[in-house]
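Numbering of ligands and ligand atoms starts at 1, following listing order.
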Amino acid sequence: MVADAITFSRLYTIMVFRRFRWPIFFIIAATFLVALAPFSAQFMPSGNSIIPIKDHHHSSPSTVASTASIGGSHICPTTPPAPALTPDTQGRFDWRTIRKHNPIETYAQLPISNPSSRPAVQHTFVAASPRVKNEIASRKEAVREVFRRCWKSYKDRAWTKDELAPISGGARDAFGSWGATLVDSLDTLWIMDMEQEYAEAVEAAVDIDFGPKIDGEINVFETIIRYLGGFIGAYDVSGCHDARLLNKAVEVADMAYASFDTPNRMPVSRWSPKKAVDGEEQLPAESMLVAEAASASLEFTRLSQLTGDMRYFDAISRVTNVLEEQQGSTKLPGMWPISVNMRKPDLTFDGFFGLGAMADSVYEYLPKMHQLLNGIGPIGAQYQKMYEYAMSTAITHTLFRPMVHDKADILIAGANVNGQRDDKGQHLVCFAGGMFALGGRLFENSTHLDIGRKISDGCAWTYKNAPNGIMPEVFSMTACPTFSACDYTSEPGSSAFSDVGDGRYVLRPEAIESIFYMYRITGEVKYQDIAWDMFQAINTHTRTEFANAAIGDVMKTPVENYDSMESFWLAETLKYFYLIFSEPDKISLDNFVFNTEAHPFRIPHR
Ligand SMILES: *[C@@H]1O[C@H](CO)[C@@H](O)[C@H](O)[C@H]1NC(C)=O
């Protein structure tokens, strides 16, 4: 059993997905129109809607956009609406009407007492000199130009498809054919002040049909972080003025919520919408990835805050409680392994641990949940306790200081297999720099801030010392005996990596994400310079005729690109590059918390 689980885990690390991309998870029915027909009788009239659709038919889209952007005022609720809002499905399929097998009697409630005053996350910035300001502004403009170019090609060549193919100029569906890039990019368009494009994109996005047209399984996790996160992010950044976006968020969430209808209320991660609609009973898998099992917390909690509907918060609370109960009984107490059995549930059998692929957002969301909840009450404390326990284990058992020629004082987040540290780095795990820095601020722990800095600096170092200025997807480095002691001499000119297991760069955001957190948290302008070097290297080596494309092997010169541009390039990577060159109050880390797809959710302040 154990041996099997480890082989299983090892296999996955070789495969390196998005968080853990599966090649097969969305299978689209050629016959979806036929499949949809039997459900039309279940459509609910929209007369009971109490999420009002404001000005939808009467004002031009650009009016909606510009009214809200002037002055940036928001009308987001500070306490959850009571009674709860119910959505206007606009005549589309209503996921609330499907048969429930395991109904809930009492829902967990969001804590709503007054928050105590929270420590500030961001550095207190003083105004930059006009010269510096101009230089930074021109960098920001350069980022926006890259985004604009990609967006134009997406619009001209792949409109409403999941992805643009950036070399052939074609289109590709990879995430349910619901227009992943379209929804994922909404809040970036808003943030970059592309008002006309934003308005057009919202018009198209609110027409997407999340009804049960898909034959086969969907990856609920990817659906939640990209689509649900995308709609909530757009709704929140634009000030909660556009109810159409909240309605869409509810539509996606009500579909995802149906995947929690199991006997123990643990979710099904590879889930068939059609089977659920057909009334088939469903069971969570005996072996699933922990990130898929436990990463809906931020999205579902924010949606409960916005709608007053506690079903979402209740659903993720049950998963959090299982994580907490078993946190101390895993093979590496404090952390959860990559593979878990959610049917029992049993999170203790696998021996593969790490902050990276297939687990990452479980850890990332612990401090972020605390922040989104304003740290209130026993639930705020629960997330803090789980975070602190997990991180103290991760620090001791997964992080290492690499031997590098210039003796840089940096850290790499590796893995742990059966109690042995595995000194591999992944681009994806770079997010941990930002997570530790944020946690260090939220819980006033300077050790965490320091570790966050060293992990972020480790990612910056790896970019700078890779042949083309871009870090590979998976690599190995030689570890120093401890974080502080590292006495050795290395051959001048020797490679920074002892091995490169996967040389791709797939337009990932995690390195710039952490550099962005370090800039906003410490105020040190060197992070803007690091970001600029990274941006130039990435843009130079990924730019194609139409947009930007992934790299097959960053260790080769010249690099070769392949025909892929994942939606996170526009949703995350370019957003973080843009924000690090923006005024620090643009999406302040004291007012917003980012989901794992870089969608900013507003923290309700009273
Ligand atoms: C800060 O974090 C470290 C590492 O997890 C831990 O050992 C220490 O007790 C924490 N300090 C405080 C003040 O909580």
When you measure from atom 5 (O) of ligand 1 to every protein heavy atom, which one gives the shortest distance, and what is it?
His448 NE2, 3.2 Å

Heavy atom of the protein closest to atom 9 (O) of ligand 1 (residue, atom name, distance):
Asn445 ND2, 4.8 Å

Min side-chain heavy-atom separation Phe353-Trp336 under 4.5 Å
no

How about CG on Asp406, more than 12 heavy atoms from neighbouring residues, nucleotides or ligands closer than 6.0 Å, or not?
yes

Considering only NZ, NE, NH1 and NH2 on the basic side and carboxylate oxygens on the acidic side, decide whether [X] and [Y] come within less than 4.0 Å.
{"X": "Lys331", "Y": "Asp350", "answer": "no"}
{"X": "Asp236", "Y": "Arg302", "answer": "yes"}
{"X": "Lys575", "Y": "Asp187", "answer": "yes"}

Short check: is a protein heavy atom less than 4.0 Å from atom 7 (O) of ligand 1?
no

Closer than 4.0 Å: a protein non-hydrogen atom to atom 11 (N) of ligand 1
yes

Show the atoms of ligand 1 that are less than 4.0 angstrom away from any heavy atom in Ile395.
4 (C), 5 (O)

Show which atoms of ligand 1 fall inside a sub-4.0 Å distance from at least one heavy-atom site of Ser392.
5 (O)

